[in-house]
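Right, one structure below, let's go through it.
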Amino acid sequence: MPSATEYIERNRERFLGELVTLLRFPSVSTDPSHVEDVRNCAEWLRDGLAMLTPTRLELIPTAGHPIIYAAWETAQNAPTVLIYGHYDVQPADPLELWETPPFEPSIRNGCIYARGATDNKGQFFAHLKALEALLNSDNRLPLNVKLLLEGEEEIGSMNLRPFLEEHREMLKCDTVLISDTALYQDDLPTLCYGLRGLCYLEVTVRSTATDLHSGVFGGVVDNPILALAHILSGLRDGYGRVTIPGFYDDVVEPTSEERQRLAALPSDVDTTRRELGAPLLFGEVGYSLLERRWLRPTLDVNGIVGGFIGSGAKTVLPAVASAKLSMRLVPNQRVEDIAAKAEAAIRALAPPTVNVEVHHLHGANPVVIPIESLPIQVAARALERTFGRPPVFVREGGTIPVVEWCAELLRVPIVLMGLGLESEGAHAPNEHFHLKNFFRGIQASVEFLREYAYAASSS
Ligand code: BES
Ligand code: MN
């Protein structure tokens, strides 16, 4: 039998071909017109996993999109790793900004271009190929592996939480391994030990029963767009400090140790400003760029609609306006508490001339993971062997709901081994994934599983 490394080397082209097939499924979880595509994607993954002879393999229906669960429970007196990934993707629009169509994967400049390439199909697929390489070199896995692939991460994982609660026993493990974060820089291996949480609200403001002629009724009823703008602009000051009463009550200030760790990472305000195309960066006074991205909570408006948005002019008093509003949370803020405080602040800012509705769309609590644990130290060594240099430890500003739930429900260390790059256009047009990091990911996963099997059995 070949070594795992030889097996990966010999099968590069086939692995790539399979990744292309995976990326062809438009598994857009938020869009009801793609329900079938999401399901087809899940079935294709299940059928591929069946060839890896798991001891258990299921496609589990939920109230939303299906969950895939597979297990290889063949190693006695060995630890168990739970690998997580999400096969759903964000919508691809605006389509006209893609150089090649989002669901027709195209390889150029060493990258594969498609929606979902980096977030998260390319990243989790590396672990599936690592399992295949181990099964075809050692003929068995050195430890027990459980695999959980969900189809609703991009819409808040709302059906995953009850699933985890119900299947705690089935999901029992010694560590969780996830690649859904980023390398801090190209060629710089990275382990992430903290994610921000998220509280997502929709605010709807109504002034009248229907739209009205703005000449006939202008002056006697309020304008819902202006009322909404007034509310939104009252939630944050000019430096990005959130003005919702009590918003910062539970926020943990960064320790000097953590500030130093972040300050040691290469970071340049002006380079970032230029890369982002901003005239001037923004944010809370007294916190560095990385602190503002990873350790501080924020409030943003993700979208706003109301009134006449066609070409030309229409003299109308719109009846309704609405906005999508989200807050990134940090320890020890809690979603429910922040949602309640935000709703109270919104209502307090609303003039009596309008009715306001607030809907809580989804949320996830923030999480910080201690880095001293065995699996994280093993992951650091696996990355060092793969990349030829030791990893940096970072936190991230994004959210992966399952991470905090695993920490709370399974009570094990979670390894966040990012393989993507922030510049790869996740959630944006021309999303891509560097193929060198796909193959490094396969290798790093093999290294991790092998060393962890040994280290955890002998400790
Ligand atoms: N992979 C991202 C999360 C992420 C992004 C982590 C960047 C670290 C750095 C994930 O797929 C994602 O986009 N999550 C959503 C969460 C949500 C919709 C509940 C997010 O962060 O907006
Ligand atoms: Mn995402």
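Index from 1, following the sequence. Since this is a predicted model, take the numbers as computed values, not measurements.
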### Task
Mind running side-chain contact (heavy atoms from CB on, under 4.5 Å) on Leu82 and Leu410 for me, showing each step along the way?
CA-CA 10 Å; Leu82 174 66; Leu410 306 176; 3.9 Å; yes
### Query
Step by step, would you call Val415 with Val378 a side-chain contact (heavy atoms from CB on, under 4.5 Å)?
CA-CA 10 Å; Val415 178; Val378 169; over 6 Å; no
### Query
Checking side-chain contact (heavy atoms from CB on, under 4.5 Å) for the pair Ile155/Tyr200: CA distance, chi angles, key distance, verdict?
CA-CA 11 Å; Ile155 48 174; Tyr200 204 124; over 6 Å; no
### Task
Please test Leu49 against Leu128 for side-chain contact (heavy atoms from CB on, under 4.5 Å), starting from the C-alpha separation and ending with a verdict.
CA-CA 8 Å; Leu49 288 166; Leu128 271 47; 4.0 Å; yes
### Task
Any chance you could lay out the side chain to side chain donor-acceptor pair (under 3.5 Å) test for Glu253 and Tyr287, step after step, and finish with the verdict?
CA-CA 11 Å; Glu253 283 293 323; Tyr287 297 95; 3.0 Å; yes
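In terms of heavy-atom proximity, Tyr87 sits nearest to Ser27 at O-OG, 2.7 Å. Counting all heavy atoms, side chain and backbone alike, Pro391 lies closest to Leu383 at CB-CD1, 4.1 Å. Taking all atoms of both residues into account, the shortest heavy-atom contact from Ala380 to Phe393 is CB-CZ, 4.4 Å. Across every non-hydrogen atom of Arg115 and Pro91, the tightest pair is NH2-O, 3.0 Å. Considering all non-hydrogen atoms of both residues, Ile442 and Ala126 come closest at CG1-O, 3.5 Å. Here the closest heavy-atom approach between residue Lys129 and residue Phe438 is recorded as CG-CZ, 4.3 Å.
The existence of a salt bridge linking Glu284 and Arg292 is excluded, since no basic side-chain nitrogen approaches an acidic carboxylate oxygen closer than 4.0 Å. Taking the charged nitrogens against the carboxylate oxygens, Asp187 and Lys436 do have a contact shorter than 4.0 Å, which makes a salt bridge. Ionic pairing of Arg161 and Glu408 is present here: one or more N-O contacts between side-chain nitrogen and carboxylate oxygen are shorter than 4.0 angstrom.
Counting non-hydrogen atoms of other residues, nucleotides and ligands closer than 6.0 Å to CD of Glu169 gives a total of 12 or fewer. Counting heavy atoms of neighbouring residues, nucleotides and ligands inside a 6.0 Å radius, atom CZ of Arg108 exceeds 12 of them. Summarising the local packing, CD of Glu165 is surrounded by more than 12 heavy atoms from other residues, nucleotides or ligands at distances under 6.0 Å. The neighbour count for Leu276 CG, taken as heavy atoms of other residues, nucleotides or ligands under 6.0 Å away, is above 12.
In terms of modelled atom types and a separation under 3.5 Å, the side chain of Thr21 and the main chain of Gly17 share a donor-acceptor contact. Using a distance-only test at 3.5 Å, with no hydrogens or angles considered, no donor-acceptor pair links the side chain of Asp180 to the main chain of Gly85. Checked by atom type and distance alone, the side chain of His65 pairs as donor or acceptor with a backbone atom of Ser29 at under 3.5 Å. Using a distance-only test at 3.5 Å, with no hydrogens or angles considered, no donor-acceptor pair links the side chain of Glu154 to the main chain of Val89. A distance-only check finds no donor-acceptor pair linking the side chain of Asn437 to the backbone of Gly420 [under 3.5 Å]. Formation of a donor-acceptor pair under 3.5 Å by the Arg196 side chain with backbone atoms of Thr399 is not found in this model. Side-chain atoms of Gln123 come within 3.5 Å of backbone atoms of Thr181 as a donor-acceptor pair (strictly under, hydrogens ignored). Remark: the backbone N or O of Leu235 is paired with a side-chain donor or acceptor of Thr243 at under 3.5 angstrom. In this structure a side-chain-to-backbone donor-acceptor pair under 3.5 Å is missing from Gln333 to Pro366. Listed for the Arg347 side chain is a donor-acceptor partner under 3.5 Å among the backbone atoms of Val356.
Atoms CG and CZ, on Leu195 and Arg395 in that order, are 9.0 Å from each other to the nearest 0.5 Å. Phe124 contributes atom CZ, which lies 5.0 Å from atom CG of Leu22 (distance to the nearest 0.5 angstrom). Rounding to the nearest 0.5 Å places CG of Leu201 at 8.5 Å from OG of Ser326. The CD atom of Glu404 sits 8.5 Å away from the CG atom of Leu409 when rounded to the nearest 0.5 Å. Atoms OH and CG, on Tyr69 and Leu171 in that order, are 5.5 Å from each other to the nearest 0.5 Å. Between the OH atom in Tyr113 and the CZ atom in Phe433 there is a gap of 13.5 Å [rounded to 0.5 Å].
Within the 4.5 Å cutoff, the side chain of Ile346 has heavy atoms near those of the Ile231 side chain. No side-chain heavy atom of Asn120 sits under 4.5 Å from any side-chain heavy atom of Glu153.
Taking the six-membered ring for Trp and thresholds of 30 and 60 degrees, Trp294 and Tyr184 have ring planes more than 60 degrees apart, a perpendicular arrangement.
Stacking of Arg236 on the aromatic ring of Phe247 is not recorded, the 6.0 Å distance cut-off and the 45° axial limit not both being met.
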